[in-house]
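Both backbone and side-chain heavy atoms feed into the values below; hydrogens, waters and symmetry mates do not. On a predicted model such as this, the values are computed, not experimentally measured, just so you know. Naming convention: chains lettered A, B, ... in sequence-line order (proteins, then strands); numbering from 1 in each chain.
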There are 2 protein chains.
Amino acid sequence: MKRLSEKQRLIAKYINKFLSKKGYPPSIRDIQKGCNISSTSVVDYNLNILESRGIISRHAEISRGIRLLSKSPAENISTVPVIGMIAAGEPIPVPTPDTWDVAAVSETMDIPSDLIQGREDVYALRVKGTSMVDALINDGDIVLMQHVSAVENGQMAAVWLKSEKEATLKKVYVEKDRVRLQPANSQMREFYTGPDNVEIQGKVIGVVRQVS
Amino acid sequence: MKRLSEKQRLIAKYINKFLSKKGYPPSIRDIQKGCNISSTSVVDYNLNILESRGIISRHAEISRGIRLLSKSPAENISTVPVIGMIAAGEPIPVPTPDTWDVAAVSETMDIPSDLIQGREDVYALRVKGTSMVDALINDGDIVLMQHVSAVENGQMAAVWLKSEKEATLKKVYVEKDRVRLQPANSQMREFYTGPDNVEIQGKVIGVVRQVS
DNA sequence: TTATAGTTAGAACAGGTGTTCTTTATCATC
DNA sequence: GATGATAAAGAACACCTGTTCTAACTATAA
C-alpha cells in the first residue's frame, strides 16, 4: 500500500473537519476551495484514490455522498454512571437498580467501548487517596467496575476487608482455607486473610487517569 | 411549544436513520420518497417547522445541508491516533505530520473529550513492559500524550535519557543546573541528571488501562 | 356559513454538484 | 531522449436539489 500524498492527506483532514463542524459532508467544490485545489477534477481524482485506499466511501451521483470510513466514534463509546468514591477507610458504594439508569444518575462518564467489551452492569468509581498505589492506581483515578459477587482467581477486584474495615483493590486468589490478595504491582508483597473476611464488591475492568 | 405532528416525527426519525445508515444527510427528495410524501414543498414546509422547534438545523441552498441537533455522545468524543509503543529501552515514537491525520493512521482510539480538554496535538502510546510502575503505569496501559518540546515544572512527561538510552515517564523539575525526575509514586525516590541528558518528547495528559 | 391559520399538491426555476473529456505537466525508468 | 504512469488544469454537460410560486384542501372558531 503506497502512502497517501500530501494533497490526499489534506483532503481527508478537511473532510473530517468539515463533517464535525457542519454535520454534513463537503461537496467536491467545498473541498476544492477549502484545500486550494485548482480544479474539481483533481479533487475527484484524489477522492477516487482515497476510496480505493479505504479511507472514505463515495456514493455515485449523489451530492455530498462522501462518508468517512473510520468507524463512526459514537459506536465506540459507552456511557457509564459514576456512582461514588472509593477510599481506603470507607465502604465501597454498591450500585442499586436506579443507579443503572444513566439518565437518572447525577454524574456519568463516556468511555471507549473497548474498555467495556460488551459487559453489562458496568459503573465507575472515583478513587480518593493514595492507598491503592500498590494496585498502580492513584488519587483521582477513575476505576471501571463490573458488578459481580464472585470473581475468578487472579481477577482484580474491589474488596472490602471486614475486620480491617478497609476497601482495597487487589488480585484475588481463593486458596484452600485462605484468600490471597495480590497487588498489581509485582514488586509488592501479597497478603493473606480468611475467606470470611473478604467481601467482593466488584471486578475491576479498567482504569482512567487524567494527569493535571 | 406545540407537539410535533405525526409527519414531522416520521421525518425526524427518517433523517436519523438515513444519517446513521449512509453517513450523510438525506436530500429533500430522499425524505419525500422515504416518508411517502407527495411533494418536495411539503417536506420543505415540515423541515422548516422542525428547524424552528430546534430539532434540526438547515443550511440554505446547500444540498443535504441538514443536521440533527440532538446532542449525540459523539460530541464528547475525540479520536486520537495511536502512533506506537513506548518501552524502557526503545526510542519514543514521535508524531510526524501524517500521523496526525486520523483518517490515515492505522490505529486510532476514541476517548472522552474530558481527557483532552481541548488540547491540540494529542496522540496515544501503548506501554510495553513494567519499567514504568514507578509512574503508576503498567504493561499494556495506554498513555495519552500531548506533543510539546518543553514542559512546566512538575509536569509528567515522556523523557528520553540520552546517555542511559532509556525512555521513562516522570515528573520533570528543572533546577539550577540539573533536572529532577520525580516518579508519580510518592513512595519512590527522585532522580537527578544533567539538563543536556534529557529530551522532552511529550506531556502525559492521561492514562487508560484495561484490566484483562 | 365565513374567516383564518395550517397543511398539501404540483410544477418550474436557478444554481449546486458529480462526472467526464481533452490537454498539459511531472517524474521515474529504461 | 523515449516512454509510460501519475497528477493536474480547465471546461462543459447533465442531473441533483433547494427554493419558490400558485392553487387547493383541511380544520377550527366566529
Side-chain angles (χ1 to χ4, degrees), chain A residues 1-15 17-19 21-69, chain B residues 1-19 21-69 97-98 101 103-104:
Chain A
M1 176 81 69
K2 274 185 69 175
R3 278 193 38 190
L4 296 176
S5 76
E6 185 67 33
K7 187 166 295 188
Q8 282 145 22
R9 264 183 282 118
L10 184 61
I11 291 177
K13 200 169 171 181
Y14 182 77
I15 295 174
K17 210 171 76 182
F18 192 103
L19 206 46
K21 196 168 168 187
K22 307 250 193 173
Y24 50 83
S27 70
I28 286 189
R29 283 171 179 84
D30 286 333
I31 299 173
Q32 185 193 356
K33 279 166 202 151
C35 300
N36 276 317
I37 295 174
S38 49
S39 170
T40 60
S41 63
V42 177
V43 179
D44 182 64
Y45 174 81
N46 286 289
L47 284 180
N48 282 329
I49 294 176
L50 283 177
E51 185 174 25
S52 71
R53 294 275 202 289
I55 312 287
I56 63 171
S57 84
R58 299 180 74 191
H59 276 63
E61 316 221 343
I62 283 187
S63 53
R64 300 173 188 274
I66 301 177
R67 156 180 234 174
L68 271 179
L69 284 186
Chain B
M1 177 82 69
K2 274 185 67 174
R3 275 191 50 186
L4 297 177
S5 77
E6 187 65 33
K7 186 166 292 185
Q8 282 146 21
R9 261 183 285 120
L10 183 62
I11 291 177
K13 198 170 169 183
Y14 181 78
I15 294 175
N16 208 330
K17 209 170 77 183
F18 192 103
L19 206 46
K21 195 168 168 187
K22 307 251 193 171
Y24 50 83
S27 70
I28 285 188
R29 283 173 179 82
D30 287 331
I31 299 174
Q32 184 193 354
K33 279 166 202 150
C35 299
N36 277 315
I37 296 174
S38 50
S39 170
T40 60
S41 63
V42 176
V43 179
D44 182 64
Y45 174 80
N46 286 289
L47 284 181
N48 282 329
I49 294 176
L50 283 176
E51 184 174 26
S52 70
R53 294 276 202 286
I55 312 290
I56 62 171
S57 83
R58 300 180 74 193
H59 275 64
E61 314 220 345
I62 283 187
S63 54
R64 299 172 190 275
I66 300 178
R67 155 178 234 175
L68 272 178
L69 286 184
D98 36 305
D101 205 342

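Looking at heavy-atom distances under 4.0 Å, Ser27(B) makes contact with sugar-phosphate atoms alone, never a base.
Side-chain contact check for Asn48(B) versus Arg58(B): some heavy-atom pair is nearer than 4.5 Å. Between Ile15(A) and Leu47(A) the shortest side-chain heavy-atom distance falls below 4.5 Å.
Proximity of Ser63(B) to the phosphate of dG18(D): no side-chain N or O atom is located under 4.0 Å from OP1 or OP2. Within the 4.0 Å cut-off from OP1 or OP2 of dT19(C), at least one side-chain nitrogen or oxygen of Arg58(A) is found. Considering only side-chain N and O atoms, Asn46(B) lies under 4.0 angstrom from the phosphate OP1 or OP2 of dT8(C).
Here the nucleotide nearest the side chain of Ile49(B), chosen from dA11(C), dT7(C), dG10(D), is dT7(C).
In this model, a side-chain donor or acceptor of Thr40(B) finds a partner on the base of dT19(D) within 3.5 Å. At a cut-off of 3.5 angstrom, the base of dT19(D) holds no donor-acceptor pair with the side chain of Ser41(B). Scanning atom types as modelled, no donor and acceptor separated by under 3.5 angstrom connect the side chain of Arg29(A) and the base of dG16(C).
Nearest approach of Ser63(B) to Ser63(A), heavy atoms of both residues: OG-OG, 3.3 Å.
Computed from coordinates, the Gln32(B) CD to dT8(C) C1' distance equals 12 Å when rounded to whole Å. Here the C1' atom of nucleotide dT20(D) and the CG atom of Asp44(B) are 9 Å apart, to the nearest Å. Atom pair Leu47(A):CG and dG18(C):P shows a separation of 9 Å (rounding to whole Å applied). As a whole-Å value, the separation of His59(A) NE2 from dC16(D) C1' is 15 Å. Rounded to whole Å, the distance from CD1 on Ile37(B) to C1' on dG10(C) is 15 Å. Taking atom CG on Asp30(A) and atom C1' on dT17(C), their separation rounds to 10 Å, with Å as the unit. As a whole-Å value, the separation of Ile28(B) CD1 from dT19(D) P is 6 Å. Whole-Å rounding puts the Tyr45(A) OH to dA25(C) C1' distance at 13 Å.
Taking the nucleotide of DNA chain C with the nearest heavy atom to each of Lys7(B) and Glu61(A), the more 5' of the two is matched to Lys7(B).
For Tyr14(A), the ring-ring contact (aromatic ring centres under 6.0 Å, His included) test picks out Phe18(A), with sequence neighbours left out.
Counted by atom type alone, Asp30(B) and Ser27(B) present one or more donor-acceptor pairs between their side chains at under 3.5 Å.
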